[in-house]
Amino acid sequence: TDLIRSQLLTIFVMTYCGLAASLVYDFFTVFIRRFAAGSRAGRAALRLLCYLVIGLLAADFFMYCQNGKITFTGAASFALGLWLWRRFFYDIINIGEKDEQKGEKTPGI
């Protein structure tokens, strides 16, 4: 039915939004560690910019899949995407950062 199709689209789109939001957050975190390590004001400004980008990203995804309505299904799918990123993909960036701090090359790259 149309309701099931709509809910599946919402789940799929908002899960991807959660994955993208986590990727943006991790990118900004790495960027802050590398280039704005000394400036407290610079770190705060970049962190604020990061949250603004994530908010705009989530608003755009909500507008696409539900005309801007925030529902339980959308919010839960967004949280699922955040969790999936931390569970499966976060270590890729984290291990690369640790190896770089040690001065080692990441295997396979």
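Owing to the predicted nature of the structure, the values given are computational and were not obtained by experimental measurement.
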Q: Are the side chains of Leu48 and Leu52 in contact, using a 4.5 Å heavy-atom criterion?
A: no
Q: Classify the ring geometry of Tyr25 against Tyr51: parallel below 30°, tilted from 30° to 60°, perpendicular beyond 60°.
A: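 Rings of Tyr25 and Tyr51: parallel, as their planes differ by under 30°.
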Q: Rounded to the nearest 0.5 Å, what's the gap from CD1 on Ile4 to CG on Leu9? Could you check?
A: 13.5 Å
Q: Calculate, to the nearest 0.5 Å, the distance between atoms OG1 and OH belonging to Thr10 and Tyr64 respectively.
A: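 The OH atom of Tyr64 is 10.0 Å from OG1 of Thr10, to the nearest 0.5 Å.
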Q: Rounded to the nearest 0.5 Å, how far does OG of Ser77 lie from CD of Gln7?
A: 8.5 Å
Q: Would you call the rings of Phe12 and Tyr16 parallel, tilted or perpendicular, where under 30° means parallel and over 60° means perpendicular?
A: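 Correct class here is perpendicular.
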Q: What are the two closest heavy atoms between Arg47 and Ile32, and how far apart are they?
A: N-CD1, 3.9 Å
Q: Minimum heavy-atom separation for Phe62 to Thr71, with atom names?
A: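 Here Phe62 and Thr71 meet closest at CE2-N, 4.5 Å.
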Q: With side chain to side chain contact (heavy atoms under 4.5 Å, CB included) as the test, would you mind laying out the steps for Leu19 and Leu23 before giving the verdict?
A: CA-CA 6 Å; Leu19 288 167; Leu23 176 66; over 6 Å; no
Q: Quick check: closest heavy atoms across Met14 and Gly74, and the distance to 0.1 Å?
A: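 Looking at all heavy atoms of both residues, the shortest contact is CB-O, 3.5 Å.
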Q: Under a single-linkage definition using a 4.5 Å side-chain heavy-atom cutoff for Ile, Leu, Val, Met, Phe, Trp and Tyr, are Leu57 and Ile70 assigned to the same hydrophobic cluster?
A: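 Cluster IDs for Leu57 and Ile70 match.
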Q: Show the numbers, then the answer: is there a side chain to side chain contact (heavy atoms under 4.5 Å, CB included) between Leu46 and Phe31?
A: CA-CA 9 Å; Leu46 284 173; Phe31 188 78; 3.8 Å; yes
Q: If I take atom SG from residue Cys17 and atom CZ from residue Phe61, how far apart are they, to the nearest 0.5 angstrom?
A: 5.0 Å
Q: Answer yes or no: is there a donor N or O on one side and an acceptor on the other, between the side chain of Ser6 and the main chain of Asp2, under 3.5 Å?
A: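 Side chain of Ser6 to backbone of Asp2, a donor-acceptor pair under 3.5 Å: no, none is there.
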Q: Mind checking the OG-CG spacing from Ser22 to Leu84? Nearest 0.5 Å is all I need.
A: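 Here the interatomic distance stands at 9.0 Å.
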Q: Report the distance from atom CG of Asp26 to atom CZ of Arg86, rounding to the nearest 0.5 Å.
A: 4.5 Å
Q: Looking at every non-hydrogen atom in both residues, tell me the closest pair between Leu82 and Gly18 and how far apart they are.
A: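 Leu82 and Gly18 have their closest heavy atoms at CD2-O, 3.4 Å.
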Q: Hey, any chance Val13 and Met63 share a hydrophobic cluster, counting ILVMFWY side chains that come within less than 4.5 Å of each other, even indirectly?
A: no
